[in-house]
Amino acid sequence: MGSATRSTRARPEPARFGRRLPRSFYARGTALVARDLLGKTLVYDGPAGVRAARIVEVEAYLGLRDPASHAYRGPTPRTAPMFGPPGRSYVYFVYGMYHCLNVVTERDGVAGAVLLRGAEPIAGVGADPRGLAGPGKLARAFGLTTANTAMDLVTSPLTIREAPPIRPSRVARSARIGLRQHETTNKPWRWHVIGSPGVSR
DNA sequence: CCACCGATTGCT
DNA sequence: GCAATCGGTGGT
C-alpha cells in the first residue's frame, strides 16, 4: 500500500562501492572468511560521512579452543557479539585508548571473529598510506567505538563490500601479532597482502 | 570492592 | 625499551 513510500525508507546506498557481502559469506568458517576478507572494501556510512578502505591485513580468533581469544572463557557482556550470529561487528576497547573492529564469523552460539588489522584508504579516511596500518588506527580512522559493536554488516550502515580478489601469490600467512607467546597462540592465523603500506608490519 | 592487565601506539 | 590510560574481568 501507500505506506511503503513514507520517509522510513533507507538512505540510498553509496553507488561507487561493490555489492554488500551476503550473510552466507560470513558463515563458512573463521579461517576461510579471514583469508577471503583480504581485498574487500570496508564501508561505513556514518554520521561523519562515507568512509571506505581496502582490507589488507586480518587475524582469526576462535572461541573455547583459542586461549588468545576474548571468547576463550565463555561469553561476557563485552564478548557477547562474538557468540552471536555471523555477519555482525564486534568492537572492543583496549589499553584505555584504542578500539578494534572484528567481523563475527561462526554460526549463532559459537564464538569466532576476524580482527581487521590493516587497510588502504579509499574515501573519507585521509590519504596517509600508513593511516590505517594497525587495528587501533583503522578503527579510529573510521570513527568506530564500542557504540558500534554488534552492528549487522548485512543491513546496517557498517558494511563490507565485494571487490576484485587478491591473487593467492600476493597473500602471506603468519603467526598473530601482540599475543603472549604460547604454544597454543602461535598458530598461523594472520593473513596480509604482501607489500601493502596498509599492513601494520 | 580491588587489583591486574590487555588482539596498541608512539615516543625515548 | 617502555609509558600512557581505563574498562572488563575475575578473585576476595
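Convention: sequence-line order gives letters A, B, ...; per-chain numbering from 1. What you see is a predicted model, and the numbers here were worked out from it, not measured in a lab.
The A:Y95 side chain lies nearest to C:dT5 when the options are B:dT9, C:dT5, C:dT9. Between C:dG7, B:dA7, B:dG10, one nucleotide has an atom nearer to the side chain of A:F93 than all others, and that is C:dG7. Among the nucleotides C:dG10, B:dA7, B:dG10, the one closest to any side-chain atom of A:L179 is B:dA7. Comparing C:dG10, B:dT8, B:dG10 by their nearest atom to the side chain of A:R73 picks out C:dG10.
Within the 4.0 angstrom heavy-atom criterion, no nucleotide atom of any strand lies near A:R201. Backbone-only contact: A:G136 has heavy atoms under 4.0 Å from sugar-phosphate atoms and none from a base. The residue A:T146 sits apart from the nucleic acid: no heavy atom pair falls under 4.0 Å.
Contact annotation: A:R180 does not reach the phosphate of B:dA7 (side-chain N/O to OP1 or OP2, under 4.0 Å). Residue A:R78 places none of its side-chain N or O atoms closer than 4.0 Å to OP1 or OP2 of C:dG10.
Using a distance-only test at 3.5 Å, with no hydrogens or angles considered, a donor-acceptor pair links the side chain of A:R176 to the main chain of A:A60.
The 5' end of DNA chain C is approached more closely, in terms of each residue's nearest nucleotide, by A:G96 than by the other of A:H70 and A:G96.
Stacking between A:Y61 and B:dA7 is shown: the ring centroid lies under 5.5 Å from the centre of the six-membered base ring, and the planes differ by under 30°.
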